[in-house]
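Before any comments, here is the structure.
First listed ligand is number 1; within each ligand, the first listed atom is number 1.
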Amino acid sequence: MYGIYVHIPFCVKKCKYCDFVSFPNADDMFDKYIDALLDEADEYAGATADTVFIGGGTPTVLDAGQLERLIKGIRNKFRLTGSCEFTTEANPGTLTADKICALLENGVNRISVGVQSFDDGELAAIGRIHSASEAYDTVNRLAEAGFQNINADIMTALPNQTAESLRRTLKTAVFLPITHISAYSLIIEDGTPLEREYSQGMLTLPDEDTDREMYSDTIDFLAQHGFTQYEISNFAKNGFECRHNEKYWKCRKYIGLGAAAHSYIDGKRFYNTSSLREYTEGNKRSDDVTILGEKDMISEFMIMGLRMNEGISGAEFKRRFAKDLEDVFGAELKRFTANGLMEKKNDRYALTRRGIDVSNSILCCFV
Ligand code: SF4
């Protein structure tokens, strides 16, 4: 069973921190791009999928008719299961009533809203196009329209953010009709406007200790309000874990459609050109294909699986690699378990809360 990722590389305006493949002011390309994307989908026609994720960029810059054409096209090309999780990302400030209607009527059953913060100063500092109240209203409008599975993306370690302001954002989020929260720290990427401001000393960012404290507070606060952490950066109400993202963490196969989209099929990784022109002119796929050997697959299985609170299963490891987990990583598992960074429950190893705090240094031991 595949997951399908669909990349819509268009935005109203670039956020200051963004290094994703997304292009502002490219409205005249939308229709051509959808045509090219549905052409690409033909290559996989008839494949069965149980998750679809339309991400970006900002998929909701497309107008209602374009969204409908895209979603219907995907539905026609693939065999989607009856319980298929079908997510679209949405940016507050782009979701009109007719777009919400087009998403609902065409079977989108999960929406991921790029809230980032409920503090207008923090949103302005990172160059988001919307205000806190627009984000708030967007979530409420989606719920009123009938969406029952809504994610809010939240960012931490933002310029001028404090533990108190993050707490206010989380407090606002948990009282909204949402089922899932993704909370990622801001990363200052090379070549972005934010990096230039940072290098010129124009930004005040939370220090490492404050960042860690914020992360720890986030886990506790969300747990108190019914959002259980199930992955390092993801929290869900019971039964609302994102099944599409679980495919990545569990190293399952997925098809990526669109410019810059990556695919993982039968142990091969490959990706599409990031150039809009090349993609729409038919020169879609990069020749760069990585065939993962057993060692790579084992490393990925460990690194991705340990991001999840459920951890990794010895039985699953054996089924995939015909080896005992303890024979391959016995020393590491013993060391991390002995010093309280990992715990073993039945046949599963998972990071403890202390282990999650230092996850980067633990995960690199499995490379
Ligand atoms: S909305 Fe997302 S993809 Fe678009 S510019 Fe902002 S961060 Fe980048």
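Taking the six-membered ring where the residue is Trp, Y264 and Y254 present tilted rings, their angle falling between 30° and 60°. Ring geometry for H225 against F175 counts as perpendicular: the plane angle is over 60°, on a 0 to 90° scale with 30° as the lower cut.
Donor-acceptor pairing under 3.5 Å is recorded for the side chains of D153 and N151.
The CD atom of E278 lies 3.5 Å from the OG1 atom of T273; values are rounded to the nearest 0.5 Å.
Near K13, the atoms of ligand 1 lying under 4.0 angstrom from a non-hydrogen atom of the residue are 5 (S). Atom numbering of ligand 1 starts at 1 in the shown order; those under 4.0 Å from a heavy atom of N91 are 1 (S).
Counting only protein N, O or S atoms closer than 2.8 Å to atom 8 (Fe) of ligand 1 gives 1.
For atom 2 (Fe) of ligand 1, the nearest protein heavy atom (residue, atom name, distance) is R128 NH1, 4.1 Å.
With K250 as reference, E310 is the one residue of E310, E231, E300 to meet the salt bridge (charged side-chain N to carboxylate O under 4.0 Å, His left out) rule.
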Any chance you could lay out the side-chain contact (heavy atoms from CB on, under 4.5 Å) test for R285 and E40, step after step, and finish with the verdict? CA-CA 10 Å; R285 182 92 20 95; E40 188 188 7; 3.3 Å; yes
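The residues D190 and R196 are annotated as not salt-bridged, no charged nitrogen and carboxylate oxygen being separated by less than 4.0 angstrom.
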